[in-house]
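For reference, the structure discussed in these notes is given below.
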Amino acid sequence: MSRLLVCPPDYFAIEYEINPWMRRANTVDHERATAQWHRLMEVLERDMGIVLERMRPVPGLPDLVFTANAGVVVGRQAVVSRFRYPERQREEAHFEQWFRDAGYEVITFDQEFFFEGAGDLLGFPEYWFGGYRQRSDVRSFSLLSELFGREILPLELVDGRFYHLDTCLCPLSGGELLYYPPAFDSYGQNAIMERVDKDRRLAVPEADALKFACNAVCAGTHVALPGGCPATSQWLQERGYQVHPVPLDEFMKSGGSAKCLTLALD
Ligand code: ARG
């Protein structure tokens, strides 16, 4: 059974601009955002059988909804994020407190390397991928690799629109991978192609990638992904996945979607 950490969008808004999707003038329709978030939770809980842990939203922290950036959880250990932008650094103490209250052994790096949690660290049981340059510092991955005894393949993110790894790469439970090749340099693209067989990876077409098709939540044979990603949905269905499209365009205004709104707890 999967468990995910989520945070209700009570204070979700666009109050600053730290990625190319965010425009303060592009006001969030609060009622719509709330309805979209609740619909996603319903799909995760009811259709996908996921257990949700809800953390308390905090006024003045509009991006706290994106719990993927809280940190990364492995077993009973949680590494708390160090955000690149001061606007989000104010979230760190709240995520850290949640991990402590939930009984995790909290790990913080002494070095001030930026690391934005599961937004930039994703993978398969045997090895992980680490996305760097836009937000996380590549040096954080050697510390994480040593800490957890896992191989981490660093992937440089070269397109500002795909600033977190989870906006352009999604490992699936059956060993398949969704990714958007132009978000990576040729070294990264080759590393992905070497690791994942051709018939098990989908080079997501641009139209779907721009709808954040790669920002999907996979649990068992179920995948929840943003609405409007027909090519990706079809590919997943052909491989036996049950696809649950959820409209999340209010969160796209902040540069986030389904996966960003969750943090895997086991
Ligand atoms: N507005 C947020 C930011 O720019 C969105 C974060 C999305 N999270 C993610 N894991 N991709 O930091």
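From a predicted model like this one, the values you see are computed outputs, not experimental measurements. For ligands, and for the atoms within them, numbers begin at 1 and follow the listed sequence. Quick note: numbers below take in every heavy atom, side chains included, and nothing from hydrogens, waters or symmetry partners.
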- Item | Cationic tip of R24 above Y16 ring, under 6.0 Å, 45° of axis | no

- Flag this pair as yes if the NZ/CZ of R76 is under 6.0 angstrom from the six-membered ring centre of Y104 and inside a 45 degree cone about the axis; otherwise no. yes

Please classify the [X] to ligand 1 contact at 4.0 Å (heavy-atom distances, strictly less than): side chain, backbone, both or neither.
X: M22; result: side chain
X: Y85; result: neither
X: S254; result: both
X: R88; result: side chain

Number the atoms of ligand 1 from 1 as they appear, then name those within less than 4.0 Å of a heavy atom of [X], with their elements.
X: G119; result: 10 (N)
X: A68; result: 10 (N)
X: I18; result: 3 (C), 4 (O), 12 (O)

For ligand 1, is there an N or O atom under 3.5 Å from any N or O atom of [X]?
X: N19; value: yes
X: D166; value: yes
X: H164; value: yes

Counting non-hydrogen protein atoms only, what is the nearest one to [atom]? Give residue, atom name and distance.
atom: atom 2 (C) of ligand 1; value: D63 OD2, 3.3 Å
atom: atom 7 (C) of ligand 1; value: Y163 OH, 3.4 Å
atom: atom 8 (N) of ligand 1; value: N69 OD1, 2.9 Å

- Query: What orientation do H222 and H244 show, parallel under 30°, tilted 30 to 60°, or perpendicular over 60°?
  - Reply: parallel

- Take the angle between the ring planes of F66 and F12 and call it parallel below 30°, perpendicular above 60°, tilted in between. perpendicular

- Message: Tell me whether R135 reaches ligand 1 (any heavy atom closer than 4.0 angstrom to a ligand atom).
- Response: yes

Do NZ/NE/NH1/NH2 and the carboxylate oxygens of [X] and [Y] come within less than 4.0 Å?
X: R82; Y: E92; result: yes
X: E176; Y: R200; result: no
X: E45; Y: R3; result: no
X: E151; Y: R195; result: yes

- Message: Could you check whether atom CZ of R56 has more than 12 heavy atoms from other residues, nucleotides or ligands sitting under 6.0 Å from it?
- Response: no

